[in-house]
Amino acid sequence: MTNKEHLLEKYGIEMWSDEKIIAFRKALLDWYDQEGRDHLPWRLNKDPYRIWVSEIMLQQTQVKTVIPYFLRFVSLFPSVQALAEADEEVLLKAWEGLGYYSRVRNMQVAAQQIMTEYNGVFPDKPEDIIQLKGIGPYTSGAIASMAFGLPEPAVDGNVMRVFSRLFEIGEDIAKPATRKLFELLVRIVIDPDRPGDFNQAIMDLGTDICGPVNPRPEESPIREFNAAYKNGTMALYPFKSKAKKPVPIDLHGLVVRQGDAYLMEKRPTGGLLGDFWTFPLVDTVTEENKIGSFKHVFSHRRWQVTVHLLEDETNFTPEENMKWVLEEEFADYAFAVPQQKMWEIVRKYDEKKYKSL
DNA sequence: CAATCGTGGGA
DNA sequence: TTCCCAAGATT
């Protein structure tokens, strides 16, 4: 017994016959040719650079959100070389508001890897692609199949959802180990003649017809292959264990202002909002002059921030990672959303004060 | 493996 | 309000 058969048996999965696999590919790809989203800007051609940029942006992020960022990004940095040589602040600015900011820093490291190790030419072997910083199993498979036509699985949440219903697989898709099972299934079922289209077709299907909420399996081009649909067990799949709740954290944002200059702090590389600029955020305050508050929810943290305005006579002591920045220079600094919320509170406070004078 | 790392939108 | 969700990778 082969490893593959052993794994399938372990999870009680009966693989389809060769005839059924071929029929599945045809049903899926015929639908994709008619209904697939061929308008997405990263499907314009098979440029591995553009596909790479899109796949990084699309990690945990919706298509609708990504499109404007993608167009701006490939315009600012049209090539691997341009990205490798990009100024850090300009680069972060291009990602501002998109979230998961280590993605863009990792991408620049990978671009520099490609310049030095591959002479600027995007590597076309899966074992090389996955060595690039920020590229894991999913993104590697996506690039290999879509840009280079290799029969590699690209298993994301869509693929696990679709396949868990097709084969009635109850494994917890939140667990890292589960992905390997789905990679095996995709390796067996993927169309060797159109692997990129196959992977994208599954994802297009998983976005709408086979979505996480209110799926419409009766409209699916592959409903005849859907064991959960035929057995009336759609509601059971996929199984996903619940995420932990974000931890509540109280913070104080200190808007230290002298004339048009504001004290800004650069957050440490690698951490939350790493390398982005904010008004100083502290746990406790000695001086208090509240002008507003807001909350901001991350995946694992819930910030409740009280904003204070400290002007002129403040005795706040700047630290090493801080500097004075003029308001007119703000456009040159990368601000994540919490900083934009703080700035909005300051603007409204000043506006109200101005009107009352 | 489990924790970390954003943000916006919909039910 | 609260919860869940979206084309995951790193440590």
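Letters A, B, ... mirror the listed sequences (proteins, then strands); counts begin at 1.
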Closest-nucleotide 5' rank along DNA chain C - winner of A:L58 and A:K295
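In this pair, the answer is A:K295.
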Which residue lies more 5' along DNA chain C, comparing A:L132 with A:Q200 via nearest heavy atoms
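This one resolves to A:Q200.
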Over all strands shown, is [X] touching base, sugar-phosphate only, or nothing at heavy-atom distances under 4.0 angstrom?
X	result
A:W42	base
A:G274	nothing
A:V66	nothing
A:R267	nothing
A:S54	nothing
A:P246	nothing
A:L40	base
A:A243	nothing
A:Q62	base
A:K64	nothing
A:R37	base
A:K341	nothing
A:V159	nothing
A:A177	sugar-phosphate

Listed once per pair and sorted, the salt bridge (charged side-chain N to carboxylate O under 4.0 Å, His left out) pairs that draw on residues 223-248 of chain A, sequence neighbours left out
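Every pair satisfying salt bridge (charged side-chain N to carboxylate O under 4.0 Å, His left out) with a residue in residues 223-248 of chain A: there are none.
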Decide whether a cation-pi geometry holds between A:R72 and A:Y69; the criteria are a distance under 6.0 Å from NZ or CZ to the six-membered ring centre and an angle within 45° of the ring axis.
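Yes, A:R72 lies over the aromatic ring of A:Y69.
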Closest-nucleotide ordering on DNA chain B, the 5'-leading residue of A:K175 and A:R103
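The residue mapped nearer the 5' terminus is A:K175.
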Could you pick out which residue, A:K244 or A:L98, lies toward the 5' side of DNA chain B when each is mapped onto its nearest nucleotide?
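Result of the comparison: A:K244.
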Which two nucleotides bound the region of DNA chain B that has atoms under 4.0 Å from heavy atoms of chain A, read 5' to 3'?
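Listed 5' to 3', the contact boundaries are B:dC1 to B:dG8.
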Integer angstrom distance from the [atom1] of [N] to that of [M]:
N	M	atom1	result
B:dC1	C:dA9	P	15 Å
C:dC4	B:dG6	C1'	15 Å
C:dA7	B:dC5	P	23 Å

Taking 5' to 3' order, which nucleotide of DNA chain C is first and which is last to have an atom within less than 4.0 Å of a heavy atom in chain A?
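With heavy atoms of chain A under 4.0 Å away, the range is C:dT1 to C:dT11.
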Presence of salt bridge, [Y] and [X], under 4.0 angstrom:
X	Y	result
A:K93	A:D332	no
A:D204	A:R43	yes
A:E344	A:R347	yes
A:R187	A:E152	yes
A:K180	A:E183	no

Do A:L98 and A:M57 pass the side chain to side chain contact (heavy atoms under 4.5 Å, CB included) test, and can you show the C-alpha distance, the side-chain angles, and the key distance before you say yes or no?
CA-CA 8 Å; A:L98 196 53; A:M57 288 187 170; 3.9 Å; yes
Would you please test A:F335 and A:F330 for ring pair (Phe, Tyr, Trp, His ring centres under 6.0 Å) and show each step?
CA-CA 9 Å; A:F335 292 163; A:F330 279 5; 5.4 Å; yes
Counting only N and O atoms by type, is there a donor-acceptor contact under 3.5 Å from the side chain of A:R50 to the main-chain atoms of A:N45?
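No.
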Go through the steps for A:D33 and A:R194 under the test salt bridge (charged side-chain N to carboxylate O under 4.0 Å, His left out), then give the verdict.
CA-CA 12 Å; A:D33 289 336; A:R194 299 178 60 186; 2.7 Å; yes
